[in-house]
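Everything below concerns the one structure shown next.
Predicted, not measured: the structure shown is a model, and the values here were computed from it. Each chain gets a letter, A, B and so on, in the order its sequence line appears, and its residues count up from 1.
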Amino acid sequence: MSSTATTFDSAAPPEAGPRAFIRRLRHGDEVAHTITLVFAASILLVTSTIVYELWTNSHLSRAKFGWNFLWTRVWDPIFDNYGALPYIYGTLVTSAIALVIAVPLGLAAATFLAELAPRRISDGIAFLIDLLAAVPSVIYGLLGIFVVVPLMRTVVGPVLKRTLGFLPFFQGPNYGVGFLTAGIVLSIMVVPFIISVSREVLLTVPRDQREAALALGATRWEATWKVVVPWARTGILGSVFLALARALGETMAVTMVIGNATVISASLFSPGNTIASTIASQFTEASGDLYLSALIELGLVLFLITFILNGLARLLIVATERGGQHA
Amino acid sequence: MKRNILLVCLLLGLAAAVGADSTVLLNAAGATFPAAIYTKWFDVYHTQHPSAQINYQPVGSGAGIRQLAAGTVDFGASDVPMTDEQLAQSKVKVLHFPTVLGAVVPSYNVAGVSGDLNFTQKALAGIYLGTITKWNDPELTKANPGVKLPGDDIVVIHRSEGSGTSFIWTDFLSKVSDDWKNKVGKGASPNWPVGLGGKGNDGVSGLVKQTPNSLGYIELVYAVQNNIAYGKVQNAAGKFVKADLAGVTAAAASSKDMPDDFRVSITNAPGAAAYPISSFTWLLIPAQIPDAAKRDTIKAFLKWMLADGQGYNEGLTYAKLPQNVIAKESKAISLIQ
Amino acid sequence: MSRLNLIWRKSLNVLMLTLTGVAALLVVSVLFLILGYLLWNGGKSLNWAFFTQLPKPVGESGGGMANAIIGSLKLLLLAALIGLPIGLLTGVYLAEFGGKTFSFITRYTTDLLNGVPSIVIGIFAYSVAVLPVKHFSTFAGGFALGVMVIPITVRSTEEFLRAVPGTLREGAMALGASKWRTIATVVLPAAKGGIITGMLLSLARVAGETAPLLFTAFNNMYSSPGWGQPTASLPVVLYTYASGPYDDWHRQAWAAGLVLLALVLVANVGTRLALSRGGAARGV
């Protein structure tokens with residue numbers, strides 16, 4: 001323990017001026033403050049460097065194509081003409097499929113965990129679902145290749161064709177790999193996020209809301225669906241955005257099951273490609289500066305989309321949690 | 001706490017020190033076409049010369065060229081010779097050294113068809129252009145009388161990344177089909193009209209093996225090692241030839257005047273016995289290698305490759321280099337400074 | 001009429017509630033399916049050779065992933081050395097020292113960093129750690145993973161530091177300790193269970209990352225000595241083997257998947273169990 005005399009000194013109001021600063025430095029607190037500040041600032045440095053690198057290294061492509069980059073369909077390394085539309089399309093389609101499957105499933109499971117299950121079972125199952133979130137992407141890809149793809153090709157695809165084949169979504173040849181398969185794998189990957197955040201958000205809904213509904217004669221389901229869930233809907237929306245952001249950036253699992261074709265097709269059986277998957281397969285061999293620059297511009301586009309989505313998600317979740325406390 | 005920090009520093013230093021012995025480490029990247037023979041060569045060479053460790057990563061010719069031009073690998077490998085433009089843009093001056101001769105075969109996975117299918121030039125071009133969509137298309141049934149081809153759609157498989165094998169394939173298609181030449185052209189990353197993409201020869205082989213009714217182009221050794229059926233291709237003389245050592249060697253014989261920089265295409269070679277989709281594959285070596293140990297190791301390896309190395313080719317269904325090429329290359333090794 | 005309505009509502013109630021239970025069950029069963037497949041297929045292929053041998057040339061069967069396992073461990077070590085100190089100290093800053101605006105900015109940026117897709121981190125690490133020195137290296141890979149470790153560590157450190165009761169802090173200060181002393185000798189040790197958990201979880205998360213390694217650590221047929229050479233790693237080799245045609249490669253991919261999953265799950269389960277036992281005492 002250091003001398004009590006100096007501790008007495010630090011009870012006095014902090015003095016201004018450089019000499020006083022140096023004196024305070026000897027106390028160690030300022031040192032600690034400065035050191036931790038520097039490390040915190042390093043995160044800002046890293047993040048801004050990421051944005052900077054993405055921006056400058058995509059310069060060639062941005063200068064040449066401008067905004068057209070976003071809606072050109074052609075990606076042709078031979079003629080050095082690049083457009084991101086097929087990959088944006090692929091990213092959006094696979095993420096949409098993922099959400100269409102994961103949101104109802106996740107919301108239902110979260111409702112069960114938050115409203116119906118006894119606390120201990122709910123915690124236990126939530127724990128297991130968190131484990132699902134921890135499984136690495138490449139393992140989902142591994143299972144995708146050897147389990148989901150054959151299943152799609154032999155069972156799910158033909159069934160869908162027989163029942164829903166009149167829709168443009170389910171026409172065309174079924175290879176096993178493609179948008180639908182990637183979407184399904186993605187849905188499994190993002191459902192834990194929806195469940196864990198939705199569950200937490202549902203748990204913050206004040207009891208009296210639920211009880212009031214039940215007192216008015218609602219069944220448990222009606223109380224949940226018509227009162228509790230709408231109350232928490234901003235937070236749930238936040239969890240959906242979070243899941244969406246995760247799905248958009250997912251690389252390995254997608255690249256292993258999507259078929260890697262630069263294609264825009266209404267058919268969900270069609271192979272395609274997403275932004276992240278394209279960067280992963282073509283980055284190390286982008287011969288030519290414009291090619292590399294185009295790929296980095298793709299990375300920039302992805303970064304911006306996930307940035308916005310994550311920002312929105314955080315806002316929504318925070319808003320719900322605050323709102324829940326006000327009741 | 002201090003003790004732990006010390007321990008970590010010690011471990012780090014140790015780990016770094018472990019690497020500081022006299023092993024010469026070379027990193028190379030490139031084509032998957034010759035991956036089987038290259039990895040075999042480097043493995044054998046390492047066993048015979050333990051101080052030389054050559055790490056070869058089969059990531060595709062495009063990646064090999066790119067990494068070499070950027071200077072992130074010591075040498076590259078490619079089945080597509082670098083274009084004049086690429087050579088001009090490259091930070092390092094690059095020399096091409098042919099290593100083996102290989103064949104690209106149309107491999108397929110069609111239920112009920114176990115024999116060899118004949119593919120005309122028009123058939124292959126049409127399939128990859130997307131104008132021929134079914135296995136029982138007249139172009140295919142015409143060339144295969146007596147074989148029951150199903151009415152299913154052809155699942156076309158190509159490479160997803162920049163590939164020398166793609167270059168060889170599209171080079172051949174451009175020579176035999178004006179339609180292809182005008183619509184798509186030849187290159188390592190063409191704008192494929194149809195099909196699924198697989199990564200590397202191994203990726204395409206994997207897809208063909210797992211996808212019924214598929215057709216994909218792969219290097220011969222991949223078809224052989226994985227027991228994937230592959231067909232005969234119609235050559236310039238009109239004969240249907242199945243890829244094998246004799247056919248590839250016959251195609252190479254047509255390249256009697258090998259240019260000094262060794263960049264040459266032997267697809268659609270003349271001659272009744274020539275297999276039309278054959279190609280050399282090259283090691284891309286920088287002309288200037290400042291590190292003496294690395295330079296000597298590369299030169300020694302090249303000499304070994306041209307002599308003992310060639311002995312391993314045929315075991316993996318690659319053809320040996322013609323004698324005139326070997327002689328010319330031996331002289332060219334001295335160009336590496 | 002209202003009788004029918006009531007019956008309808010009650011049936012709907014039962015149906016919907018059952019469906020939600022089914023949904024939860026479905027999701028959980030996916031986890032067990034994954035485990036099951038990996039245990040079955042991976043367990044068949046795990047043998048001593050897998051752990052001790054180097055890969056064979058393309059097309060030959062046999063060999064193992066010794067270099068990939070060691071490579072992954074080295075990469076994790078680097079990621080820990082680079083990311084954990086930054087994460088820890090930033091967490092300390094946010095919980096103990098932070099000014100209002102700067103704290104907000106830091107937290108927001110940390111969240112932003114957390115949301116950056118791993119492939120973009122790979123591009124970043126390539127431009128910053130590979131291009132300038134002109135070769136792929138273990139260090140570049142470790143750097144990429146280290147950047148990914150930071151946000152998770154920051155969040156968990158801050159959370160557990162905040163959970164330390166104010167009374168402990170005030171007690172120390174009342175006894176005359178300066179602020180940094182209090183933090184170093186009282187607050188941090190009190191929160192250390194949670195902080196270490198957060199660190200282990202962040203490492204478990206990056207252990208399975210593949211995309212950032214594709215163009216930083218690249219890959220290596222041999223063991224990679226030191227830190228300046230490309231290195232094999234479990235996720236990258238898994239990816240390569242799973243996408244290939246050779247049955248032997250597939251076999252090894254399953255084994256690698258099992259090892260990787262075991263690593264990740266043990267870290268997750270172990271730390272969370274330890275936390276829930278210790279955390280209860282602290283009122284977390």
Side-chain angles (χ1 to χ4, degrees), chain B residues 1 8 11-12 14-21 23 25-27 29 32 34-44 46 53-59 63 67 70-74 91 160 198-210 218 221-228 312 316, chain C residues 54-61 63 67 70 73-74 77-78 80-81 84-85 126-127 129-140 142 184 188 214-232 236-237 239-250 253:
Chain B
M1 185 65 181
V8 172
L11 276 171
L12 278 172
L14 212 66
V18 163
D21 59 16
T23 318
L25 299 163
L26 288 162
N27 289 307
T32 56
I37 183 82
Y38 284 3
T39 48
K40 181 79 184 162
W41 276 347
F42 296 133
D43 191 48
V44 170
H46 179 59
Q53 188 170 293
I54 307 177
N55 169 31
Y56 179 73
Q57 287 304 318
V59 286
Q67 298 306 323
T72 41
V73 291
D74 297 308
K91 291 188 182 60
S160 63
K199 197 157 175 46
N201 265 296
D202 38 304
V204 174
S205 312
L207 276 175
V208 172
K209 225 173 151 175
Q210 291 163 13
I218 51 181
V221 71
Y222 288 88
V224 169
Q225 279 179 343
N226 293 292
N227 291 319
I228 307 178
Y312 292 90
L316 289 166
Chain C
L54 293 177
K56 286 252 165 44
V58 169
E60 290 182 28
S61 51
N67 56 347
I70 297 182
L73 288 173
K74 283 165 73 172
L77 181 64
L78 269 177
L81 286 172
L84 293 182
Y126 177 77
S127 5
V130 174
L131 274 185
V133 296
K134 289 195 170 304
H135 60 85
F136 300 106
S137 62
T138 313
F139 176 74
L188 274 176
L214 290 175
F215 10 99
T216 47
F218 210 43
N219 203 348
N220 199 328
M221 286 165 53
Y222 304 99
S223 289
S224 163
W227 309 93
Q229 290 296 319
T231 180
V236 171
V237 177
Y239 167 59
T240 311
Y241 281 18
S243 322
Y246 305 106
D247 287 328
D248 197 64
W249 274 14
H250 293 170

If I measure from the heavy atoms of chain C, does [X] come under 4.5 Å with its side chain, its backbone, both, or neither?
{"X": "B/N226", "value": "side chain"}
{"X": "B/A63", "value": "neither"}
{"X": "B/V59", "value": "side chain"}
{"X": "B/L207", "value": "neither"}
{"X": "B/F42", "value": "both"}

- prompt: Any idea which of B/K209, B/K40, B/Q53, B/H46 has the most non-hydrogen atom pairs under 4.5 angstrom with chain C?
  reply: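 If we count pairs closer than 4.5 Å to chain C, B/Q53 comes out on top.
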
- prompt: Would a 4.5 Å heavy-atom cut-off, applied to side chains only, mark B/I218 and C/P245 as touching?
  reply: no

Closest heavy-atom contact between [X] and [Y]?
{"X": "C/W249", "Y": "B/D202", "answer": "CZ3-OD2, 3.9 Å"}
{"X": "B/Q57", "Y": "C/M221", "answer": "NE2-N, 3.6 Å"}
{"X": "B/T39", "Y": "C/V58", "answer": "OG1-N, 3.0 Å"}

State the [atom1]-[atom2] distance between [X] and [Y], to the nearest 0.5 angstrom.
{"X": "B/L25", "Y": "C/S224", "atom1": "CG", "atom2": "OG", "value": "8.0 Å"}
{"X": "B/N55", "Y": "C/Q229", "atom1": "CG", "atom2": "CD", "value": "8.0 Å"}
{"X": "C/Y246", "Y": "B/Y222", "atom1": "OH", "atom2": "OH", "value": "4.5 Å"}
{"X": "C/K134", "Y": "B/D74", "atom1": "NZ", "atom2": "CG", "value": "12.0 Å"}

- prompt: Given that the side chain runs from C-beta out, which part of C/F139 has a heavy atom under 4.5 Å from chain B: side chain, backbone, both or neither?
  reply: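 For C/F139, there is no contact with chain B at all, as no heavy atom is under 4.5 Å.
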
- request: With a 4.5 angstrom heavy-atom cut-off, could you sort out which part of C/Y239 is near chain B: side chain, backbone, both or neither?
  value: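 Contact with chain B involves the side chain of C/Y239 alone.
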
